[in-house]
Structure formats: structure tokens, C-alpha cells
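Below: one structure, written as C-alpha cells.
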Amino acid sequence: MRVESLELSNFRNYAALRFEPPEGACILVGPNAQGKSNVLEALALLALGKSFRAVRESDLIRFDAPLASVSARVRTRAGGATAGCVITRAGDGARKRFLRNGRSVRYGDFLGSITAVTFVPADLALVTGPASLRRRLLNAALSQLDRSYYHDLSAYVKLIEQKNAFLKSPDAGDRTLLTTYNAQIGQTGARLIGARTNYLRKLAHDARTAHARWVGGHDELEVRYLPSPPQEAQTPDAIRAALDDALARAAPGEIARRMALVGPHRDDIGLNLHGRSLARYGSQGQQRTAVLALKAAEYSLAYASAGEAPLLLLDDVLSELDEQRRHAFLASLAGFEQAFITATHLSDVALDTPHRVIRVQAGELIGDARHAIGA
Amino acid sequence: MDHLAGPLSALIGELEKLPTVGPKTAARLAFYLLSGSREDAQALADAIVAVKDKIRFCKRCFSLTEGDECSICLDARRDPTLICVVGEAKDVYAVERAMAFNGRYHVLGGLISPMEGIGVGQLHVKELLDRLGPENVKEVIIATNPNAEGESTALYLHRLIEPTGVKVTRLAYGLPIGGELDYADETTLARALEGRRAL
């Protein structure tokens, strides 16, 4: 898929921007704090429904403006479409409204209008960082592939928030309410575990293949799903039974510690090399190669599932990679239709495939000599 | 709005506090009221104050009433063995509009939501259980909203009432009448499939 045009209004530091990105790789270059990542953030907002940064959504709106809007015209195998998001200040926070072909739609119906794989500096800690990073990869990928996953995930998150608030409240002794929440968590959580089990089986295969291609067959990368509660069940009924059982057994501990301790909100992905934990025993180089293998696998699965290349959004990560890894990684993504890459210096990217360079300066995009792009 | 006369900007400020009313609508309404007669303005003001002074909760079902009990609870033609449980008093009027229910109501006064500090104790749950025996209730129909809190509340009430032997039912999930199938969202359609019935 490709973005034919992107329009921003009062988004971050852009008062008004109309950008017609080229096909292929587009490198946004400029010093820090000029607005390079904001362009990627806008595209990610349309794909994921939220920013890839951990931010308050009202921060997306330009200082003093009442609302911000992002709108893109995209071309997919299925034809052309427009996708937009309007962010309005509401109290201390912000409200988002999604538009598809100019019509207001619910987020659940909007998902999938644009598919993107993002790679941001925080992803570099995928191996060594907290489990929440690895769950975020799963959630971003699966929500774009499968709308029902997104619905289940939002329902599940809400249930866990309610259950945690309940366990901290004076009513925490009400076992009937606890079993009510657990019944709902069991039903929704089991569907999440089922979807993650399937996805991880494919992710493990593709990551292992990419990894083996880069380092040779002797260092086998093992990617394993570590669900909470630990279980090997494969059928929906067996997964549900294992989760229900674990929730029932966890109840006394959950009441004592006043928080939800069991369920897919505590899932993780195990990453081993030679059967040894990469996070604990791997060298920095081995850890980084594993991160690239995971992102390359995420990309290939998104490609296979949509039947066309997703957008590739690489925010300031290529400069973190040595030349050999950068080449290996980019070569594994062969077949992308459109990639957006940010870098402080052009030399950090050093693409040997055709690309366009766009300089970003104080919220304006300046194309390379031949193409001036108005802000 | 410093350029507006004080009372006018105060009215706009009050109207803006209302749900679904933004600053533009508030200004429009304020100018409309200003252009109307004094009697109309007085009638509106009186009506607003009257609901605050005269409306109370029905002591049986916690719906809104002027007396001790609401007109539905007092209506001898309604079947007292059927109770329809709703979250808010406004939901009574929604179900009444359908003209398809001939029992009595029970208003919980909200839905269970610990995140918002609403626990079972804040709702009229105990009062519902206390009605089951004396009113010889045969069926409790739970008509809470089809969202997360409504669902939790419904399941919770079901677990509480089931042991008493009273039948507990929940409104069906389905497709809007007159709508088109391909416009229905996936979740609604999936629930409608689960709840399908033999023709």
C-alpha cells in the first residue's frame, strides 16, 4: 500500500502541511526537534489509532489550537480511500474521531484502513526491556490483522482495570463480584491467548528464518510464547479451561495483593539462543540481531496477511545499527512499496537502493533540489 | 465573552454545562431565550426548578415520581411478578416507549464500576433482592446497557438471584430493525449469530 498524500493541520508542530510522499523509500532528514518523527507519528496514528510514543493525546494538538487533524489518501490493492483522524481537546485530555472516506466511523471499523509496521528506538529494547514492550508488539500487529482481536483487547483491558479497582476497593471481599469479573476475563482472555498462540507460531518461524539467514544455521533463535497462566493448550476450549482454572486458584492471592495477577495482561515472549536466555546471556550484538529478526518477521507476517506491503515507518533506528546489520535488515524487507525513514544525518541511513531525501526544518518539508514541497 | 452583557454571558455559561451543548449552541439558545417573551422564559425557569423540588425516587422501584410511589408501581393492570431491571431512571422511559413490557421496574441507580467508585453498595441491589419474595416475583429481566459495565452488572445480578429460584433473563443482542446487514459492526453481528432463534 502507499500513501499518495498526507495532510496535517495543527498536528504537533505543523500548522498546516500537505505532503505528497514519493513511492519507495523517503528519508526525512534534519536536526532534532524539527518535526521529522511527527510525520511518522501521524501515519502511525492512522494505522494504530494511537501514537507510537507514550504521550498524552492532547499533546498531539499544536499549542493553543482547539483541534488537530490528520488525513491521508491511500492506495491499496482494493483501490483508493481516505483515512482521517480528528483530535479535539476535551477537559484535560483529548477525544479522537476517525473518518473513512470522509464519513465518521467507529475506531473498530476504521482499523485496517492503513496497515503499518513501526520500528522506533524503544523497540531496540525488545529483548532486554520489560514484557510490556513485547506485548505491545503483539497487540499492534494483531489489532491491525484482526478487528475482533482489537475488540477483545479493549474489552479485556477495561475488565482488568475494573477488577483491579474492585480489588483495591472496600468491597474486595465480595466473592460473587470477583467470580463475575473472572468469568468475563476468562471468556475474553482465552480468545486473546488463542490469537497470540497462532500469531507467535508464525512469528517464531519467520524470525528464526531471518535470523538464520543473517548469522548462519548454527545459532538458532527460539521465540516462545509465555502465556499467563503458563499453558500449552491449543484448542479454544482447553485454553479457556486452563485460564478459568488458574483464575480460580489465583483468587486468594489476588485478594491479598489487591491486584489481578493472572491473565494475558501478564503474557511475555521468551527469546533464547542455543536454549539460553538472550536477555540474560546474550551479547549486545546478539540481542540486537534478535530484535531485527522479530521486526523483520512482524513485517513479513503483515505483508502475508494483507497480501500487500504495509507501510514501513522507521523512526531514528537505522543510526543505532552498524552497517552490516542495517544492510541485512533492509535487504530482508525487500518488496516494500513505501517506507518513511527519519535520521539526523543522511550518512546514518546510507541506503543503496533508490530513495528520496526530504529535509525537515521547523515544521516545513523541503524536497531535494528538484521537488519543492510546500508546507 | 467579555464584550457580552454580564447576565447573557452567565446564561451562556450555564447552558454550556449541559450535555451535548457546546459554546456555539449555548450562545444560540441564549440569544433565542433573550428574544422570546418574559412568560416563556419564566415557564422554562419554573419547569426547571419544579423538577428539582418536586421529583423524588419511587420508594419501591427508585424510578422518578411526584408521590411516594411511581405511577407504574401503582398501576394495578401491570404484572407485579415481572421486574425489569435498568441502570438509570431514563432507561425506564426507553423501555416504556417500546410499549412491549407490562411488568414493573427496578432502577439500580447506576452500574457496577469500581473504577468510578461505584460499588454494589451504592446501587439499589439489596432493595431488588428484598422485593423478590414479598412481590412473588417470577422473572427478573435484566435490561442494563450492552457495554462492559452493563454486562458485569447483569452477570453479577444473575449470580445473586439464581439461588432464589427466580428466573433471570437478559435482553437479547441483535441487529437494529430497518438496518442493513453489511452496516452492522462485527461484534454486534457475532452476538446476533450467537443469539439466533429457530424460525
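Only the side chain of B/E149 comes within contact range of chain A, with at least one heavy atom under 4.5 Å from a heavy atom of that chain. No part of A/L167 comes within reach of chain B, as not one of its non-hydrogen atoms sits under 4.5 angstrom from that chain.
Below 4.5 Å, heavy atoms of chain B meet heavy atoms from A/D171, A/D174, A/T176, A/L177, A/T179, A/T180, A/Y181, A/A183, A/Q184, all part of residues 171-188 of chain A.
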So A/Q162 and B/S113, side chain to side chain donor-acceptor pair (under 3.5 Å) or not? Walk me through it.
CA-CA 6 Å; A/Q162 290 286 19; B/S113 178; 2.9 Å; yes
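When the shell of 6.0 Å around OH of B/Y173 is examined, it contains more than 12 heavy atoms from other residues, nucleotides or ligands. Crowding of A/K50 atom NZ: a count of heavy atoms from other residues, nucleotides or ligands under 6.0 Å not exceeding 12. Within a 6.0 Å radius of NZ in B/K167, no more than 12 heavy atoms belonging to other residues, nucleotides or ligands are found.
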